[in-house]
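To keep things clear, I will list the structure first and then write my remarks on it.
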Number of protein chains: 2
Amino acid sequence: MESKPLPRPQVSRTAAKQATRALVIRTASRAMRRDGIAATGVAAVMAKAGLTHGGFYAHFASKDALAAAAIDAAFAESSRRIARRVEGLAPAAALAAWIELYVTTSHRDDRSRGCALTALGSEASRGGDAMPAALARGMAQLTDRLADWLAAIDDPAPAATAGAMLAEAVGAITLARVLGATAASDALLTATRASLRRRAGIPA
Amino acid sequence: MESKPLPRPQVSRTAAKQATRALVIRTASRAMRRDGIAATGVAAVMAKAGLTHGGFYAHFASKDALAAAAIDAAFAESSRRIARRVEGLAPAAALAAWIELYVTTSHRDDRSRGCALTALGSEASRGGDAMPAALARGMAQLTDRLADWLAAIDDPAPAATAGAMLAEAVGAITLARVLGATAASDALLTATRASLRRRAGIPA
DNA sequence: GCTTTCATATGATCACTATCATATGAAACG
DNA sequence: CGTTTCATATGATAGTGATCATATGAAAGC
């Protein structure tokens, strides 16, 4: 009954399973950032991934576990995007590039591919343990990156500056989304970009 | 059947109804800021207000309408709190007082009485029309207030600075909540206060 | 005092949700 | 080729949500 004959787990089967798992996570990551976690149903995610809801619990222990994985995936995606954008740039230029990538109307308008901190920070930090932990990991990764650049341009307190800059960027996208695609919203983003550039010691 | 004899609406009855309406809104405002809009059920709000769920639709057309009213109430509450705090202060001191009121661990830790922009900005800006409109109203009121103070201390672009400062404050609370009540979180708030003070031209 | 009005309560509906039990069908293995 | 394994599908279940229909009981008006 509880014996474990254990014929040893296969590998190629497992690989296929991991692939669909990754697909479900990617799908959920988009949907949750766009509609929120609560508003994103498990069945809807599975359907959008081309599956049915039945197999879900073979992949995840709970919806919260999926959400945590979705947050991790969102940060991984963002991280890749940043890396691609700053490749080969000097620290000051990298900071400027990050600002131009983050504080933009397209980030405001495309929630599904945006930063998990702005999209899910509020909702995810209320629930469970796994979700806030995933957010905190991604946030630390991002502030570390900013702090490295800031240290390289002789900022006196790179970690503190990085945190405050990220706060400003996150808040700007949040507020810009509140205002929608309006002139006031655009102006807020423009003002924030200027403010961040100034703080990063970038003239222009 | 469809005639309207119309004996004229009474007044004192109406006053009582408005009182319970206000109570329901206040209750919802707290609950929604703490748990989010989706996670706050209509029946739960009514129960917490000492009523049953039945009468709800005599007061509000929908849950969204309640949420919009709850957002308005949250801003009204915050506005009163700010007014009380800055009463009689000169512009620079008022700005400093606002920073000390907003970017604090107690704001981070008490979601239910905090700013609606941080608590509900993300979620409410996704849905309907009424909720984002309420948020935008409250936000405009707040940025106007900050801009007035900034103009009085000769900031060259009060509106832009006000927007960027609010963004930083909102983002800081959001990120601090992600980190929970930790040393890193406290440090982020401290760094953000310093950053905001510097921006508002306050030495200290 | 009787009747009408209306704020709130009781109770139901219907959609949808997360979660789980079981079935199926193809790949892996002997 | 037959058997086993397991990833996914089919099909419950049980709860919860918003919303609405109707009942009730007290105050308002005559």
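Residue numbering restarts at 1 for every chain, and letters A, B, ... go by the order of the sequence lines.
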Tabulate below the donor-acceptor pairs under 3.5 Å that side-chain atoms of residues 35-59 of chain A make, not counting sequence neighbours, or state none.
| residue | atom | partner | partner atom | Å |
| --- | --- | --- | --- | --- |
| A:T40 | OG1 | A:A31 | O | 3.4 |
| A:T40 | OG1 | A:G36 | O | 2.6 |
| A:H59 | NE2 | A:T20 | OG1 | 3.4 |

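The nearest whole Å value for the distance from the CG atom in B:D64 to the C1' atom in D:dA18 is 11 Å. Computed from coordinates, the B:F60 CZ to D:dA18 P distance equals 14 Å when rounded to whole Å. Going from atom CG of A:L51 over to atom P of D:dA7 covers 13 Å, rounded to whole Å. The CZ-P distance, from A:F56 to C:dA18, rounds to 8 Å in whole Å. The distance from atom CE of B:M46 to atom P of C:dA9 is 7 Å, rounded to the nearest whole Å. Taking atom NE2 on B:H59 and atom P on D:dA18, their separation rounds to 17 Å, with Å as the unit. At whole-Å resolution of the value, NZ in B:K17 and C1' in C:dA7 are 7 Å apart. Rounding to whole angstrom units, CG of residue B:L23 and C1' of C:dT8 are separated by 13 Å.
The side chain to side chain contact (heavy atoms under 4.5 Å, CB included) search around B:A152 returns B:P91, not counting sequence neighbours.
Salt bridge annotation for A:R145-A:D148: absent, with no cationic side-chain nitrogen under 4.0 angstrom from a carboxylate oxygen. Contact check on A:R193 versus A:E168 returns no salt bridge, with no Lys/Arg side-chain nitrogen under 4.0 Å from an Asp/Glu carboxylate oxygen. At a threshold of 4.0 Å, the pair B:R108-B:D186 counts as salt-bridged, since one of the basic side-chain nitrogens sits closer than that to a carboxylate oxygen.
Side-chain N/O atoms of B:H53 and base N/O atoms of C:dG11 include a donor-acceptor pair closer than 3.5 Å.
Checking A:G54 against A:V42, the closest nucleotide of DNA chain C that is more toward the 5' end is the one next to A:V42.
Across all strands, A:G41 comes closer than 4.0 Å only to sugar-phosphate atoms, never to a base (heavy-atom distances).
Of the candidates C:dT19, C:dT10, C:dT8, the closest approach to any side-chain atom of A:S62 belongs to C:dT19.
Residue A:T20 places at least one side-chain N or O under 4.0 Å from the OP1 or OP2 atom of D:dT8. For B:Y57, a side-chain nitrogen or oxygen approaches OP1 or OP2 of D:dT19 to under 4.0 Å.
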